[in-house]
Every structure is written in structure tokens, then in C-alpha cells.
Trainee: 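This is the structure I want to talk about, given as C-alpha cells.
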Amino acid sequence: MIDFNGLRQDFPILNQRVNDESLVYLDSAATSQKPQVVIDRLSHYYQWDNANVHRGVHTLAERATRKYEASRQRVADFIGAKSSKEVLFTRGTTTALNWVAQFAKTVLQPGDNVIISIMEHHSNIIPWQEACRQTGAELRYIYLKDDALDLADLNNKLTEQTKFVSLTHVSNVLGCVNPIKDIAALAHKFGAYVVVDGAQSVPHLAVDVQDINCDFLAFSGHKMLGPTGIGVLYGKEAILEKMPPIEFGGEMIDFVGEQEASWKALPWKFEAGTPNISGAIGLAEAISYLDHLGMSAIQKHEQELVDYLLPQLKAIDGLELYGPNNSQGRAAVFSFNLKGLHPHDVATALDYQGIAVRAGHHCAQPLLHYLGIESAVRASLYCYNTKEDCDKLIQAIRATKEFFNGTF
Ligand code: C6P
């Protein structure tokens, strides 16, 4: 049985004081902190194993290649992929979604449409805007009902011409968990490809691509205790087989002539150039750590934090909270504003009290516009946070209010 209250000890960065207060890190939706085992793994790789992959025959090159490919298998097992061929290493979610939209340009025709939602991150909007603009396809949005995705709206907008449905699993602003499995089943009835932005779900929930039956899943290593600069695009093997490479160069080729070239097999035909070897190995170590905690135990711990924090936030006078009103189906992401105060002032005041939160548009300007706001404060939690962190947040928000209202 894991004691989540003691987890903080595994994360050296959390054991420091910021502005004379012990740090409370509530910005994990932006990026998570890293446990010592991941930091050690990276340094071990550079100290003992560093070499390029798939090229050399010397011992280090073989060792680095074996560890890099073992990391791919680790990722495949973590998300329930049928084969490691379905796991492409990318820079992160953004690159992964861009690759899918790049593929979409070879599929979309004038008259076709792509469906996304108003709660998408810019990384799941702009690549589709570009793909639609360049092909003459239409970009359709699903809007919200009761702070959740309006599934009736999706039903109305799906047609035989819908070629892609690309949605976030968990909103990085509202915290709502979308019923992605049901959505995939519905979209498939119309023959659309289903793309899931898993940036905020894969780190927190047990995500099984075969169970969801999505065609693509994108996520980032740095939000799940791994290093920055590494991410994953999962794609079903049959689709990836027919999908042309996105980038060209070394590593991804089989044969190169003066005027033409042919590609390696999956997954390597997508990985041009020297990949982020240490990043993949660090990500695999992060997955081992998550597996050791257990994804369902993480989910349960975070649900307890949501149950604990949500009513306390709602009880603060003048605090406007965005996203679902009850804690069921809500991830540990809380965006809010304090009446009359600018979110940047609130975030700065919280920082003075040792609490790290994010303020701004959270790379979701269409959503914020839809909500009628320009920016918000966001507290986002992860496995290493505790009820004590929640108490400190509540106390600090109350102190901030009093300070700005002159009653401090
Ligand atoms: N959201 C946040 O503070 P990258 O930057 O490629 O690792 O992830 C992009 C991305 C895509 N989709 C969702 C739902 C996301 O939340 C993010 C990253 C961070 O909310 C940084 S803007």
C-alpha cells in the first residue's frame, strides 16, 4: 500500500522553500516534477550508455539501442497498444497532433469536415485550422452543456463527411473528463478517424487504447514525471502502415538513391534524425514509477483531493470556478477567478506564499472567449500533492482576498 502523503520525499525539487515558505507545487498540468529515480536514470544513461541508436555495432551503441527500444515497449504496454510498432516517439503532444493533422491533409477533400471541441488546447486547434484551410475542409466545433461536452451537439454535427474527430480526454482548463470511449464508438459509425489528446489524461488515469478504440493518442512525457522534449503518438498499426512519413532524413530510410528513397518499416519510418534517446529512457523510468504506484491508486488519490478541495473552493465568497460543479468525473484541475482581481495578481500573491499556480489563457483562448473571460488562475494537482497542500491553497486564497480588499 503506497503512502501518497510521503511521496513528496521522492521529488527533490519539492523539498525546498520558495519565498520563505515550503513549496506547494500546483502547476502539474503545465509540467510535472520528476522523481529522483528519473533524474538518476538520465544521469546513468549519460554516464554509462550514451551512444547513437540503430547505427553502430559497438557495445555502447547496441546498449543504447536496446534501451531505447525497450522504452518503446514499456510505453506500448502502459497504454495497452497491441505492438510497440504503434508507438512513435515525438517531441510531445503538440508534435504528435501536428503529425496527425499532416496526415489529414492527405485525406481531406473540399466538402469533408473535421470535428474538435471548444475546450481544446491550441495544439489541437491550430493544426486542424491549417489542415482544413489547405484542403478546403470545414472545421466544426462541439460546444458545452452544463460545463461538459455537449454530446447532442456532437451527434448533430457528425456526418458521413466527417473524416476526423479530435478531442481532448481531459480539459486542461475545466478539468472535465470526456467520455472518450463512447465518443469513439459514435464517430466510428460515421467512418471518422478518432484522435485523442491525452496530454492531461495519460498521466492521471489508466488509459487503454484498445479499450477506448481510438485511432490515435497523443501525450507528453514531461506531464507524467518524465523529461521534457519526449512525447508519444500512438496510432493503430494498419493506419500507420498507410500513413506517409512526416519528416525525412537519416535513420528513417531503407535505401537512398540520387533521385528517390524508400523507408524503413514501422515505427522507424516516422523517426527521422537522431531521436531523443535519453528522453525515451527517462520516460520509461517515469512509467515504471507510475506503474509502481498503480494508475488506479493514483486516480483514487487524486479523486480524494478533488472531493476535498472542490467544496472548499466553492465556499469562498467571490471565487468563480470554471468546469463541472461536482467532483465525479472531474480531474484535479481547478481554474478560477477572484472577483475584482486580475489572475496574474492572484498568482503572484500565491507565489509569495510559496504556492505555484498558473495564470493566463492556458493555451485555450477559444474556450476562455466562450466562457466570457480573458484569463484565469489554475491550480492543478498530481500524485505528490496532499490534503495539506489543499489546505494551504485555501488559506492562501483567503489571505490574498483579504490583502487586496484592504482587510489584511
Ligand atoms: N498544456 C498547460 O499548462 P505539449 O506542450 O506539447 O507538451 O502539450 C500541449 C498540450 C496539448 N493538449 C493539452 C490538453 C494540454 O494541456 C497541453 C499542454 C500545458 O495546460 C502547457 S500550455
Side-chain angles (χ1 to χ4, degrees), residues 25-34 75 88-102 116-129 141-142 144 148-149 165-178 180 183 194-205 207 214 216-234 246 276 279-280 282-283 286 302 322-323 330-336 343-344 347 350 356-368 370-371 373 375-382 385:
Y25 186 77
L26 300 178
D27 196 18
S28 293
T31 198
S32 69
Q33 297 304 350
K34 321 302 170 198
V75 173
L88 313 180
F89 284 122
T90 67
R91 274 197 298 132
T93 306
T94 303
T95 309
L97 292 170
N98 270 277
W99 284 12
V100 182
Q102 204 62 32
I116 61 172
S117 85
I118 196 67
M119 69 170 78
E120 299 309 314
H121 185 278
H122 295 164
S123 295
N124 198 27
I125 297 176
I126 310 164
W128 296 111
Q129 289 178 344
Y141 282 83
I142 318 170
L144 309 183
L149 216 53
V165 173
S166 187
L167 297 173
T168 193
H169 193 174
V170 171
S171 161
N172 69 322
V173 177
L174 303 172
C176 51
V177 183
N178 293 323
I180 214 75
I183 291 171
V194 174
V195 187
V196 177
D197 175 349
Q200 301 293 352
S201 63
V202 175
H204 303 274
L205 315 171
V207 174
C214 55
F216 296 97
L217 171 75
F219 56 99
S220 300
H222 71 96
K223 293 189 200 289
M224 51 192 287
L225 314 181
T228 46
I230 187 80
V232 171
L233 175 61
Y234 156 85
I246 311 292
N276 184 350
L283 173 58
E302 291 184 18
Y322 309 102
R330 198 186 209 289
V333 172
F334 304 90
S335 296
F336 61 91
H344 281 120
L350 293 178
V357 295
R358 184 176 168 187
H361 55 57
H362 310 295
C363 301
Q365 285 185 12
L367 172 63
L368 268 65
Y370 179 80
L371 296 174
I373 54 176
S375 55
V377 183
R378 184 189 67 188
S380 55
L381 286 66
Y382 204 2
N385 290 117

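As the structure lists them, so they are numbered: ligands from 1, and atoms in each ligand from 1.
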Trainee: Closer than 4.0 Å to some heavy atom of Arg378 - which atoms of ligand 1 meet that?
Mentor: 2 (C), 3 (O), 20 (O)
Trainee: Is a side-chain N or O of Asn276 found less than 3.5 angstrom from the main chain of Thr90, in a donor-acceptor match?
Mentor: no
Trainee: Evaluate the side-chain proximity of His121 to Thr168: yes if any heavy-atom separation is below 4.5 Å, no if none is.
Mentor: no
Trainee: Okay, side chain of Lys223, backbone of Ser32: is any donor-acceptor separation there less than 3.5 Å?
Mentor: no
Trainee: What atoms of ligand 1 come closer than 4.0 angstrom to any heavy atom of Cys363?
Mentor: 22 (S)
Trainee: When you measure from the side chain of Thr31 to the backbone N and O of His222, does any donor-acceptor pair fall under 3.5 Å?
Mentor: yes
Trainee: Please confirm whether the ring centroid of His361 lies under 6.0 Å from the ring centroid of His122.
Mentor: yes
Trainee: Applying a heavy-atom cut-off of 4.0 Å, say which part of Glu120 lies close to ligand 1: side chain, backbone, both or neither.
Mentor: neither
Trainee: Should Leu97 and Asp197 count as side-chain neighbours, where that means a heavy-atom distance under 4.5 Å?
Mentor: yes
Trainee: Would you mind listing which atoms of ligand 1 come within a distance below 4.0 Å of any non-hydrogen atom of Gln200?
Mentor: 1 (N), 14 (C), 15 (C), 16 (O), 20 (O)
Trainee: Is any side-chain heavy atom of Leu88 closer than 4.5 Å to one of Phe216?
Mentor: no
Trainee: Could you tell me which atoms of ligand 1, counted from 1 in the order shown, lie closer than 4.0 angstrom to a heavy atom of Thr94?
Mentor: 4 (P), 5 (O), 6 (O), 8 (O), 9 (C)
Trainee: Pick whichever of His122, Lys223, Met119, His169 has a heavy atom sitting closest to atom 1 (N) of ligand 1.
Mentor: Lys223
Trainee: Please determine which of Asn178, Val177, Ile180, Val170 meets the side-chain contact (heavy atoms from CB on, under 4.5 Å) test together with Ser201.
Mentor: Val170
Trainee: Does the residue His222 have a heavy-atom contact with ligand 1, meaning some pair of atoms that are separated by less than 4.0 Å?
Mentor: yes
Trainee: Using a 4.0 Å cut-off to any heavy atom of Thr168, which atoms of ligand 1 qualify?
Mentor: 14 (C)
Trainee: Taking 4.0 angstrom as the limit and counting only heavy atoms of Arg358, give me the atoms of ligand 1 inside it, by number and element.
Mentor: 2 (C), 3 (O), 19 (C), 20 (O), 21 (C), 22 (S)
Trainee: Would you check if the side chain of His362 reaches a backbone N or O of Ala376 as a donor-acceptor pair within less than 3.5 Å?
Mentor: yes
Trainee: Just let me know how Thr93 lines up against ligand 1, side chain, backbone, both or neither, with a heavy-atom cut-off below 4.0 Å.
Mentor: both
Trainee: Would you mind finding which of His362, His121, Arg91 brings a heavy atom closest to atom 22 (S) of ligand 1?
Mentor: His121
Trainee: Using a 3.5 Å cut-off on N or O atoms only, is Ser123 in polar contact with ligand 1?
Mentor: no
Trainee: Can any side-chain N or O of Ser117 pair as donor or acceptor with the backbone N or O of Leu167 at less than 3.5 Å?
Mentor: no
Trainee: With atoms numbered from 1 as shown, which atoms in ligand 1 lie under 4.0 angstrom from a non-hydrogen atom of Ser220?
Mentor: 4 (P), 6 (O), 7 (O), 8 (O)
Trainee: Indicate, as side chain, backbone, both or neither, the part of Ala30 found under 4.0 angstrom from ligand 1 when only non-hydrogen atoms are considered.
Mentor: both
Trainee: Which protein non-hydrogen atom lies closest to atom 11 (C) of ligand 1, naming both residue and atom, and how far is it?
Mentor: Asp197 OD2, 3.4 Å
